[in-house]
2 protein chains.
Amino acid sequence: MATQRKRTKIEDIRRVELIAAAHRVFLEHGLQGMTSARICREAGMSPGILAYYFKGKDEVLFGMVRYNNRLLMEDVIARLRAARTAWARLEAIVEGNFPDSAFTRPIANAWLSVCAEAGVNPQYARLQRLFYQRLRSNLASVFDGMFDATRLRDASLVIAALIDGLWLRKAATDDVGRDEAITLVLSGIRSLLNNGEEQLLRRPADDRET
Amino acid sequence: MATQRKRTKIEDIRRVELIAAAHRVFLEHGLQGMTSARICREAGMSPGILAYYFKGKDEVLFGMVRYNNRLLMEDVIARLRAARTAWARLEAIVEGNFPDSAFTRPIANAWLSVCAEAGVNPQYARLQRLFYQRLRSNLASVFDGMFDATRLRDASLVIAALIDGLWLRKAATDDVGRDEAITLVLSGIRSLLNNGEEQLLRRPADDRET
DNA sequence: CAGAATCTTGTATAAGCGTACAAAAATCTT
DNA sequence: AAGATTTTTGTACGCTTATACAAGATTCTG
């Protein structure tokens, strides 16, 4: 029992350290350059350590993606809870997709390389789909009762596309800042809504675009 | 002279064949899985042939990307030339970004992997930037005299983001068809324009969304 | 402080990659 | 057709990678 407790503790510590190191390497070198050796070196450990705590490199990677998604989602959920109007909830969702000081070129690139890998590795594709479903259900919670199913779908598609497209742009040219990206998405959404749902959504004009 | 002509001919043939084979491999296995050996096997030649006609693998790759970009752009330019109204020109640009029967998951994925690589390889990044500049100058030609610089920039950003986002979505979940994607982008643009530029752009209501 | 369990290291292995290159085959020249 | 040139082949080299594993270091137990 005592041994059990200690073993578990160290094991968890190392796993977290390795995942954190993997995350740093990931952001710096992309999915491609995230090698086992580099992860271990970044964590200040020897090359073989990774195989001791993880079944393989993929396990580290999935752990990392899961970890980050959870952080992101917790943030969005917290913001959603604090929001009082429908528009504020929209803002929360959008801002949650551009996490504070995480809308940077390296991160955009890293995320992009995961998307690219998802096309080959079904495991990644599953994570990707989960991500989209969550965004869509968040949006559904805002538009609940305002839109019919097809209009909800269209709106979700367009909003998701806007967000993803701006991330992609960030990765490519890095000429859009976080605040500008959020403003663009929100004003895009406003345009969509003003074009037919004037009465459905409480007018966002009384809010600030921040 | 005769030798010159013949040599050049064979050389060009092989280069084209290899680029075509590279393209097929690229679509099937992604940028990652596009190895020299596979390209040669796909072309029905021996592994060493690639080094004979190209300086390295990258040269094949850049040739491939350039070739495809040129095809795409020629298509857009032809459509633009045929368009008579501003809205028709917009349609041409948007449709040109969803080439006929090329809006498929494998292609979306392949394109995505190039974007991801562009974050590491500056050569790719250059191609990427050229691509964006062309889209932007095309859009500028439509909005010429209607928008000021900042508004043009915003519109270009949003439209490009919409297009890219839908491609990314295609790669991830493959739940959007080509026609639907075009419709979504065009109606998104319409919303944007209706929200302040009613008089500037000839009303698109008299056009069909096709 | 032994002895055992746990943790860590460093290296070895095997696979896959791009590329170079000698030799073989094909083609052209005269 | 013989010799020269171009084209193609197959292989081999060097490098990088993930992973396995024996041996050493550390920590816990009694």
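Just so it is clear, the values below take in all heavy atoms, side chains as well, and ignore hydrogens, waters and symmetry mates. Throughout, protein chains are lettered first and strands after them, A, B, ... in sequence-line order, and every chain is numbered starting at 1.
A sub-4.0 Å separation between OP1 or OP2 of C:dG18 and a side-chain N or O of B:Ser36 is present. Distances shorter than 4.0 Å separate some side-chain N or O of B:Tyr52 from OP1 or OP2 on D:dT7. Residue A:Arg14 has a polar side-chain atom (N or O) positioned under 4.0 Å from OP1 or OP2 of C:dT8. For the pair A:Tyr53 and C:dT8, the criterion of a side-chain N or O lying under 4.0 Å from OP1 or OP2 is met.
Distance A:Lys55 NZ to D:dC21 P: 16 Å, rounded to the nearest Å. If you take CG of B:Leu50 and P of D:dG10, they are 16 Å apart, rounded to a whole angstrom. Separating the CG atom of B:Asp58 from the P atom of C:dG18 is a distance of 10 Å, rounded to the nearest angstrom. Per the geometry, CZ belonging to B:Arg38 stands 9 Å off P belonging to C:dG18, to the nearest Å. Rounded to whole Å, the distance from CD1 on A:Ile13 to P on C:dT6 is 16 Å. Rounded to an integer number of Å, the gap from B:Leu18 CG to D:dT7 P is 13 Å. As a whole-Å value, the separation of A:Ile49 CD1 from C:dG10 C1' is 12 Å. Atom pair A:Gln32:CD and C:dG18:P shows a separation of 11 Å (rounding to whole Å applied).
Of the candidates C:dT8, D:dT8, D:dA18, D:dA18 carries the atom nearest the A:Lys57 side chain, counting heavy atoms from C-beta on. In the set C:dT9, D:dG10, D:dA18, D:dG10 carries the atom at the smallest distance from any side-chain atom of B:Pro47. Considering only side-chain atoms of B:Ser46, the nucleotide from D:dT9, C:dC17, C:dT8 that sits closest is D:dT9.
When each of B:Glu91, B:Glu74, B:Glu95 is paired with B:Arg79, the side-chain hydrogen bond (donor to acceptor under 3.5 Å, both in side chains) condition holds for B:Glu95 and for no other.
Taking the six-membered ring for Trp and thresholds of 30 and 60 degrees, B:Trp167 and B:Phe103 have ring planes more than 60 degrees apart, a perpendicular arrangement. Using cut-offs of 30° and 60° for the angle between ring planes, the B:His23 and B:Phe26 rings count as tilted.
Within 6.0 Å of the CZ atom in A:Arg105, the count of heavy atoms belonging to other residues, nucleotides or ligands exceeds 12.
Looking at heavy atoms from C-beta onward, B:Gln128 lies out of side-chain contact with A:Thr173 at the 4.5 angstrom threshold.
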